[in-house]
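Below, read A as the first sequence line, B as the second, and so on, with proteins coming before strands; counting in each chain starts at 1. Worth knowing before you read on, the calculation uses all heavy atoms, side chains too, and leaves out hydrogens, waters and symmetry mates.
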Amino acid sequence: MDLKKLLNEEQYEATTTVEGPLLILAGAGSGKTRVLTHRIAYMMKEMNIRPYEILAITFTNKAAGEMKERVRSLVGETADNMWISTFHSSCAKILRREIEALGYKKDFTIYDSYDQKSLMKQVLKELSVDEKDLTEKEAISHVSTAKNTLLNPVDFKKKYEYHFRMNKVADAYILYQKKLKQNNALDFDDIIMKTVEIFEKFPEILEKYQRKFRYVLVDEYQDTNHAQYRLINLLTKDHQNICVVGDDDQSIYQFRGADIRNILDFEMDFPDAKVVKLEKNYRSMGNILAAANSVIKNNRDRKEKTLKKTKDEGGKIKIYRAYDDFEEARFVVREMQRLYREGRNYKEMAVLYRTNAQSRKFEDILMQEAVPYKLIGGLKFYDRKEIKDLLAYLRLVNNPFDEVSLRRIINVPKRKIGNTTVEKLQENANHQGESLFDTIMNLEEYSLLAAGTQASVVKFREMILDFNEKQLEMKVSELVEYILKTSGYMKELETSKNPEDESRVENLEEFLNVVLEYEMKAEEPSLQEFLESVMLVSDVDQYNEADDSVTLMTLHSAKGLEFPVVFMVGLENGLFPSASCLTDPNEMEEARRLAYVGITRAMEELYMTYAENRMVFGRMVSYPVSDFILDIPSNIKEHLNEEKKVHHRDVNPHTIKYKDKNMKYVDYNVEKALEDAKKILDFPDKKVLGQEDVVPGAKVKHPKFGVGTVVATADAKGDLKVTIAFDNQGIKNLMLSIAPLELA
DNA sequence: TACGCCCCAGTTTTT
DNA sequence: CTGGGGCGTA
């Protein structure tokens, strides 16, 4: 294998630097997967590193699967002994072995966001927290942030001792965590946090994994949160064989706790780190790259770099103004059909949007026009009611302490066990300090219920116990069929008059296929493993390019993928970037990165569309054209129809028009509203000054030092050192990025 | 206990 | 506009 022929100079260096910390800053389309896979192959072939000594972490299961496939094609079957998976899958695997150290059982259940919500609801009810004071959504979000930053309930409580509201959150966090443990369940964040907890509390366990994973690789490093960072740090701090790949410009998950400092500070954490930049883009035509660069360069908080093209300019970026969202969809589909007639395959095209709600219009038209399409995300298959019901049965069989699942199906199908009964049982369980299932097991000891109701509960209990026994002798697929039949669930759907229930039956059949497929693939199929795989898949994982259909997905889901033709739709200030971005510079920067990710998905052709009128919540609203379109220089874009004059920057891009209930247009000017608010609250206007603003002679104002004149500037490692002669305070040296300066 | 009607919140983004 | 949840009634 002649790597030097296969790789460019930087790629070669990144591939062959195996020992010690390595940061690969890989711009979009710069061949980082190529580097990662060849690097793994190089490690094994040239350096005799064993596959089981390597831990490679990716962002999605799909990325993991692809990487595994590509590594396998380079080194053969031995690739199967390597851990290539997501943070969550790897940690779940570790926890299945080690979690007993923390007092959980190995057959723990993984709770998704719906389960979380229902558990938190219980918690708030038990704490008698009024919904108006704290919703479960807020509580969950705070708990999640805490877990992502490794703040445990006790420390959380301490931290907010004197904070009335957060103190309530702290109590909720404590009880929530207690219930999770009682249910023998972990939420998504726990999967990472508990692994870290074990590593920190039990050095001998940590050592075991440090010895095992002598080489660690992390992809999409810019999207790791603090807990994940800590995990990697613990594993690698001794041998320091850590290779991370990331691109600060593609960090789009800060809303979920991803901490960009992990990448910006890597060199500080590992002083000996080698840094390799991959800046040559092999994916996109020149104009597409130029467009991406012209959008992202507006961000201040980034490592300076520019993607370099390897292809020629290609066509211009095509901009289309639609009358409304309906017409936008019609245009896109028409264009797709045209491209298809010209010889493109449908699978070469993708529609990327900001929110899942936008997919509906496109689905409608695609269906109408009989264009094959694949929808990624939105209502996931596993999120459908009937699937969740069935999963609840399976989870309960697997782990009887799982109250969330128990409560979900105890009266589905109807068994005359209503809410009051469940509450009575739950109360008794809480009182006795046992699980809900225990109370049901010992039902006869307590006289809680009327005879008839008690009989119903006993019947339910016998059924679950029966499932439990059958689990031992049946395959998962057999168990699924048995449950659907014995519980009466299938029967209720089949005899229902509701037309929706017909498709529910189909979905359950589809689910059975998923199970059968799993049984074929798995080495040792088990209910436990099956459930875990279901909980940890995302929809992007389902994406495959086998059949010829166009792809519909959010910009977030598109990360890591590429398409010859990309339609970015809904480019309107208020939608993308969303309204909150227009007032919060940090959110705006993240939105810009998201735009950058979207643009760089395109290989050959890029369309950007916006609609003058759009249905939002059943109302017609009018947003102005997106800043992201305006950011692209005119010489590399073409308007497919006439531009709307009012949409120019010089008018005011931040005016939102909407129709009130009398169908009258009302203007809402975001900037003016903001100015008014500032006047009232007396906020200083914090316009960030750029380097171009701060030139010698410029008058500036500082809140503490007052008015002064810039006398000199000097470059300082990406920042600018500014020397200012203040009128009353003398001469000061300030760093531009931190000094709260404004023009005077 | 079961069912139907009404109200309201939701649209950022997901492992 | 849509779906879920809460509340009141049979």
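A/D383 places its CG atom 11 Å from the P atom of B/dT15, with the value rounded to the nearest Å. Rounded to an integer number of Å, the gap from CZ of A/R592 to P of B/dT13 is 21 Å. The separation between A/Q116 atom CD and B/dT15 atom P is 14 Å, rounded to whole Å. Nucleotide B/dT13 holds its P atom 5 Å from the CG atom of A/N356, rounded to whole Å. In this structure, CD of A/Q358 is placed 16 Å from C1' of C/dC1, rounded to the nearest angstrom. What separates CD of A/E590 from P of B/dT14 is a distance of 12 Å, to the nearest Å. When the C1' atom of B/dT15 is taken as reference, atom NE2 of A/H88 falls 4 Å away, rounded to whole Å. Straight-line distance from the CZ atom of A/R256 to the P atom of B/dT14: 9 Å, rounded to whole Å.
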May I have the step-by-step check of side-chain hydrogen bond (donor to acceptor under 3.5 Å, both in side chains) for A/S503 and A/E506, ending in yes or no?
-> CA-CA 5 Å; A/S503 68; A/E506 283 167 27; over 6 Å; no
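Judged purely by distance below 3.5 Å, without hydrogens or angles, the side chains of A/Y111 and A/N183 pair a donor atom with an acceptor atom.
Legend: residues meeting salt bridge (charged side-chain N to carboxylate O under 4.0 Å, His left out) with A/R592, ordered by chain and number and at least two apart, are absent. When the side-chain hydrogen bond (donor to acceptor under 3.5 Å, both in side chains) test is applied to A/E136, no partner is found at least two apart in sequence or on another chain. By the salt bridge (charged side-chain N to carboxylate O under 4.0 Å, His left out) test, A/R330 is found to be paired with no residue, residues two or more places apart in sequence or in another chain being considered. For A/F213, the ring pair (Phe, Tyr, Trp, His ring centres under 6.0 Å) partners are A/W83, not counting sequence neighbours. With sequence neighbours excluded, the residues that form a side-chain hydrogen bond (donor to acceptor under 3.5 Å, both in side chains) with A/N233 are A/Y229. A/H142 is linked by a ring pair (Phe, Tyr, Trp, His ring centres under 6.0 Å) to nothing, counting only residues two or more places apart in sequence or in another chain.
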Would you list the protein and nucleotides 3-7 of chain C atom pairs, both N or O, that sit under 3.5 Å from each other?
| residue | atom | partner | partner atom | Å |
| --- | --- | --- | --- | --- |
| C/dG6 | OP1 | A/K121 | NZ | 3.1 |

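For the pair A/S557 and B/dT14, the criterion of a side-chain N or O lying under 4.0 Å from OP1 or OP2 is met. For B/dT13, the OP1/OP2 oxygens have no side-chain nitrogen or oxygen of A/S578 closer than 4.0 Å.
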Quick one: what's the B/S/- string for nucleotides 2-10 of chain B, heavy-atom cutoff under 4.0 Å, read 5' to 3'?
-> SS------B
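Both A/T453 and A/T86 lie near DNA chain B, and the one whose nearest nucleotide falls closer to the 5' end is A/T453. Along DNA chain B, the nucleotide nearest A/T421 and the nucleotide nearest A/V616 are compared for position; the residue whose nucleotide lies closer to the 5' end is A/T421.
Applying the ring-ring contact (aromatic ring centres under 6.0 Å, His included) test to residues at least two apart or on different chains, the pairs with a partner in residues 566-592 of chain A are A/F567-A/Y607, A/F576-A/F628.
Note on A/Y253: only backbone sugar-phosphate atoms sit closer than 4.0 angstrom, heavy atoms only; bases stay farther off. The residue A/S89 sits apart from the nucleic acid: no heavy atom pair falls under 4.0 Å. Residue A/E587 is classed as a base contact, given a heavy-atom separation below 4.0 Å to a base.
A centroid separation of 6.0 Å or more is found between the aromatic rings of A/F362 and A/Y373.
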